[in-house]
Each structure stands twice: as structure tokens, then as C-alpha cells.
Q: 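So that we are looking at the same thing, I have put the structure below in C-alpha cells.
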Amino acid sequence: MKRSQLFLPTIKDMPAEAEIISHQLMLRAGLIRRVAAGVYSYLPLGHRVIQKVSQIIREEMNRAGGQELLLPALQPAELWQESGRWEVMGKEMMRLKDRHARDFCLGPTHEEVITDLVRRDIRSYRQLPLTLYQIQTKFRDEIRPRFGLMRGREFIMKDAYSFDRDDTGAEVSYRKMYDAYGAIFSRCGLRYSAVEAESGAIGGSYSQEFMVLADSGEDAVAVCDACRYAANVERAEIAADPGSQPSGLPKSLGRVETPGKMTVEAVAGYLGVPRQTIVKTLLYEVDGQVLAVLVRGDRQVNEAKLAKHLQAGGLRFADRATIERVTGGPEGFSGPIGLRSVPLWADQELRGMRNVVVGANAADAHYVNANNERDFSVDRYLDVRMVSEDDPCARCGKPLRIVRGIEVGHVFKVGTKYSESMDATYLDANGAEHPVVMGCYGIGVGRTAAAAIEQHHDAEGIIWPLPIAPLQVMVVPVNVTDNRCWEAAQSIHDTLEACGIEVLLDDRDERPGVKFKDADLIGLPLRVTIGKALAQGQVELMARRVRRTTMVQLEEVGPRLRQIISTGEHAFPELFAS
Ligand SMILES: [Zn+2]
């Protein structure tokens, strides 16, 4: 392939619209172009990367017993109404009407369509287990699309669905997919971690996310290096014993003026007390009911945990009017004292709280030295807060670390949520009817490519892992107007192509510095430079990752590169040892 003929528009300067490195580099290296917010075109090199990642996914899915199919992006509302998710998906779902005013959506996921497919054609236990998958475009009307392919409104996903007779079978299917995911991300050259996760809108009993660890990641993950416990912070458990507790005897309750001090920081600063001696009172509305939740001033409520305790999905902060009606005071001054009309829950670490500061349910006032049981009474103590770095691991008690991650895959044990609501059943050997037991499994294809760039880049540009690189070798003749140099370059290009190596020949009449800069930006893993040493029959090989170079004889170039590409970097240690 010749550079002059390839549609590969590179950009020298940092694009202003891009906030994270993978987005910047994808634009600069001519992989993608923006069409609308969260909507991108894949240019030839970008498309090649997507195809490479897809092919790795396909091979591992097939190896795990999956069968590929293709479902429609356009889906009728009736299926979503049947599962109960037409409402639940809310504004994230791209909805439209056809010319007969019938409701449709552009699929954000395919549980409904595939459950409908399976319920029509699966009758007997003999047809199970079954795992089906597709690689397809999905749509989600993100409130804030950003980070290029990381959080788009239109994106390419692999989604797989397993159907089993019972939980034992479903567990086997889940395990196969889990193992396949590990193989996929390893083959893509990613450092990843599988973590316990919240199931969210897909629902189900248990799920794990595959996280690529990177500082730009939108997810926070709690990891224990001692016992390997790893969980999304939305999910991470907190040990029931909170450790240190405020000590001392209860002091007498006092009311203090705190004019205009509505936040924990403001109250702590004004009263000259540490934030952890303040207790926040947060009011939530759940199915028309109000609930008050207490957490320490320096903590955050974990709404996913709270929703799980409540067994409710629709949880939101109470509005100003509700707060005033329930507490009798304005927003920012709520507290547990006198708050008798609503249930009062508290995070478990507050069990031994002593002499704390709370809102007085009146404008510009707080109580100091408030004590549970004497001044107010908590109905339930629960784990309702976000884990933090000073929490010990809930499994082994050793310290936790909080790291950032990019979710590239998610595997769910779904159970019978969809098969029951949509009546997908089979008959067992005795003729008894059972709902099929499902699992579902997603991988963001574009996001995986973007995550690879987050992990593999330097100041000059992308450093593609060989298996997903758009092309494998860049051939750079330093002077195309020099006949010997140009002929050698062409000959190397033709030889490599003939032995099945994907090669890009920079045939432009540009200064060497321009070409090298461009080559670094595009980031093909291997480079052949044809320069002065050609007089001695030699050319330079370079590994982009370690930027190490070595000279080889012209006739050695083909065999050496073929060896590296087929057997890996260890085939040529003098080039890759860093
Ligand atoms: Zn641990």
C-alpha cells in the first residue's frame, strides 16, 4: 500500500475538541472524523483496526462455541414494552416513529430481539445450550457524548447471549465467555482486570467488568493487592467493622448559628471541626416515599447500594419543596433531630457515633454534640457509602487501592429476567415447561481500540500492539528522488506484500523528518528505513515500542519481519529488548 494513494489525513496540531489522549491521537493519526456529537466516521486505518479487533473477538467467540448472527438495529417498541424496558431506558434510547406512526428504537442492546428470536424456535431441552453473538452498531443517546469512541452515541459492539436449561448450565456458559474475554483482551495487547460490577439496566444476579487500567478511565475500581479482590467502586463492599470510633461521653446538645453554611466544608470551616465529625443528612425520594440517609461528612452515598437495599430502581434526591415539607427547614440544613415522619437510615460506620454536628432543620443553624438514641433514632444501619482508599479490603482487611479503569467488556448472569417477562421457555425430558436461563456479554469494539491507545502511546504518537495494528510495517525511503533508494524501497514493499505482510510505503517526496514524525504518529509497530547504509546493502529496522534500531542486510528484511510477525517479539531480541 502506498502512502500517497491512501486516504490518511494526519493533523499536526492537537485538536481542541479532544480531551483524552486516545481521542486526540485517533483524530491526529487519521483514524476517525467527527460527524456529529458522539458520531464518527472510521477512515481506512481506523476501519482496519476495528476489523482486527473484531476478528480476534470472532475467533475467540467461535472457539468458545458461539455462533455469529446479525440482528436488526431497528427494533419495534412492542418487544421493549413486553420486557418492561421501554420506560426504564428513558432518554438514553434513540426513539423514532415509522410512517404509520408506530414506535421504534435504534437498539441500545439486543436482549429483547434475541429473546424473541429464541422463544419462537427453541422448544426442547435438546436445543440447549446455545450461545449466539453479533458484531453490530448500537445507539445510545448519551447526555454528554465525549472522549471520541469511548462514549459515543453510535458505537460498534460485540454482544453475545447464552441460553441454558438451568443455573448449572448457565454457569458453564458464563465461564466460557469469561475465559474468552480474557483471551481477547490479552491478544489485543491490553493490561486488564476483571472486577465485580453492578448490573445496571441489563439486570441480573451477578456481573463482572473487564477494565483496562488507565488514568483517563471513567470508572473507579477498588483493588486489593493482597487477595486480588477487585470491584467497581459502585459495587465494592465495605467491611462491617469500621475500625476507629469517636470516643468519650455524650456531651450536652447545643444549637449553633451557621449563617449561610450549607456544605460540609463550609460548616467544618466555620465551626473549626474536622469534616468527619459532621454527619450529612440526605433525603431521597423512592416511589413517592421519602427516606433520610446519614453518612459521615467526608463520605459519599453510594446510590447503587442504596437502591439495592431498597430493591428499587427509581431513586432520586428529594427536591427543594419536598425537603422543606418533610424537615420544616431549607435545603442544606437537614438533620435527623425531630425528623420523625420518614425512615432514617445510616451508614454502618456511624453506629458508634458520638457528639456529631448535624443540621437543625432550620435556616442557618446546626446542632453540635448530637447523639444517637438520645437525640434521634436510626431505624437501620447499612453499607450505603462509596468505598474509599482508607477502607480496608472487605475480604482480607489489607489496604485497598482505588485505580481508574476503562470498561471494555461486561459479562452478566441474567437468569430468567427476560425469559420470564417474555415467556421464552423449553420443555424438559419429562415434558415440563421451564424458562430458559440467560447470560449476556458485551465488548465495546471501538472502545477497545481507544483503550489500547490509552495504554500504548508516547509523546510522538500511537504505539500499536502488533495484533491490532492497522498495518504491520512502515517502509520509509529517506529520499525517493534517489533511484537506488526508491528501487530498494519498492522492492522491499513488494517482497513483504508477497509474503502476506501488511505494509505501508511512504512514497511521498517529503523531508525525512516529516516522514519520521508522521510514522511515529501513526504508530505502526515495525519500521524499515532505507538510507545511507544502502550503499553497504543494509537497511535499518526499528521497533516503534522501544524505539530501538538495528541494521540488517537487504535480503534479510523479509525473513526477519515475517519471523517477528508470526512468532512475536521474542524472535528478534536485539530489536525489542528495552
Ligand atoms: Zn483483600
Q: Over all heavy atoms of both residues, which pair between Asn355 and Pro250 is shortest? Give the atoms and the distance, please.
A: OD1-CA, 3.4 Å

Q: Is Arg95 close enough and on-axis enough to Trp86, meaning under 6.0 Å and within 45°, for cation-pi?
A: yes

Q: For a quick check under 3.5 Å, do Asp364 and Thr258 share a side-chain donor-acceptor pair by atom type?
A: no

Q: What residues form a side chain to side chain contact (heavy atoms under 4.5 Å, CB included) with Arg380, not counting sequence neighbours?
A: Trp345, Leu382

Q: If you measure only the distance, is there a donor-acceptor pair under 3.5 Å linking the side chains of Thr416 and Glu420?
A: yes

Q: For Ala180 versus Glu60, what's the shortest heavy-atom pair and its separation?
A: CB-O, 4.0 Å

Q: For the ring pair Tyr441 and Tyr133, is the centre-to-centre distance below 6.0 Å?
A: no

Q: Name all residues meeting the side chain to side chain donor-acceptor pair (under 3.5 Å) criterion together with His23; count only those two or more places apart in sequence or in a different chain, and write none if there are none.
A: Tyr40

Q: So, Glu237 and Lys305, do they make that salt bridge, N to O below 4.0 Å?
A: no

Q: Apply salt bridge (Lys or Arg N to Asp or Glu O under 4.0 Å) to Lys308 and list each qualifying residue two or more places apart in sequence or on a separate chain.
A: Glu198

Q: Just jot down the side chain to side chain contact (heavy atoms under 4.5 Å, CB included) partners of Arg401, sequence neighbours excluded, or say none.
A: Val223, Asp225, Glu389, Val403

Q: Take the angle between the ring planes of His410 and Phe412 and call it parallel below 30°, perpendicular above 60°, tilted in between.
A: parallel

Q: Taking Glu349 first and then Arg299, would you say they form a salt bridge - that is, a charged N and a carboxylate O separated by under 4.0 Å?
A: yes

Q: Side chains of Ser216 and Arg404: do they bring a donor and an acceptor to under 3.5 Å?
A: no

Q: Quick one: list whatever passes ring-ring contact (aromatic ring centres under 6.0 Å, His included) with Phe139, sequence neighbours left out.
A: none

Q: What are the two closest non-hydrogen atoms of Ser419 and Met438, and how far apart are they?
A: N-SD, 4.4 Å

Q: Does the distance from a Lys or Arg side-chain N to an Asp or Glu carboxylate O, for Glu303 and Arg316, drop under 4.0 Å?
A: no

Q: Please name all residues satisfying side chain to side chain donor-acceptor pair (under 3.5 Å) with Asp167, sequence neighbours left out, ordered by chain then number.
A: none

Q: For the pair Thr322 (side chain) and Ala318 (backbone), establish whether a donor and an acceptor sit closer than 3.5 Å, ignoring hydrogens and angles.
A: no

Q: With sequence neighbours excluded, what pairs up with Arg144 under the side chain to side chain contact (heavy atoms under 4.5 Å, CB included) test?
A: Glu19, Arg146

Q: Output yes when Glu196 and Arg395 qualify as a salt bridge under the 4.0 Å nitrogen-oxygen rule, no when they do not.
A: yes

Q: For Tyr192, check side chain to side chain donor-acceptor pair (under 3.5 Å) against everything at least two apart and list the hits.
A: none

Q: Arg547: which residues meet the side chain to side chain donor-acceptor pair (under 3.5 Å) condition with it, sequence neighbours left out?
A: Asp520

Q: For Gln455, which residues count as a side chain to side chain contact (heavy atoms under 4.5 Å, CB included) partner, sequence neighbours excluded?
A: Leu190, Arg191, Val212

Q: If you take all heavy atoms of Ser83 and Tyr418, which pair is closest and at what distance?
A: CB-CD2, 4.2 Å

Q: Run the salt-bridge test on Arg385 and Asp391 with the 4.0 Å N-O cut-off and return the result as yes or no.
A: yes

Q: Would you tabulate the side-chain donor-acceptor contacts of residues 267-278 under 3.5 Å, counting partners in other chains and residues two or more places apart, or write 'none'?
A:
residue: Arg275; atom: NH1; partner: Glu265; partner atom: OE2; Å: 3.0
residue: Thr277; atom: OG1; partner: Pro274; partner atom: O; Å: 2.7

Q: Using the test ring-ring contact (aromatic ring centres under 6.0 Å, His included), find all partners of Phe333 that sit at least two apart in sequence or belong to another chain.
A: His366

Q: Is it the case that Gln208 and Tyr174 place a side-chain donor and acceptor less than 3.5 Å from each other?
A: yes

Q: Will you find, in the side chains of Tyr161 and Asp159, an N or O donor that is under 3.5 Å from an N or O acceptor?
A: yes

Q: Main chain of Gly523, side chain of Arg544: is a donor-acceptor contact present, judged purely on distance under 3.5 Å?
A: no

Q: More than 12 heavy atoms of other residues, nucleotides or ligands under 6.0 Å from CZ of Arg320: is that the case?
A: no

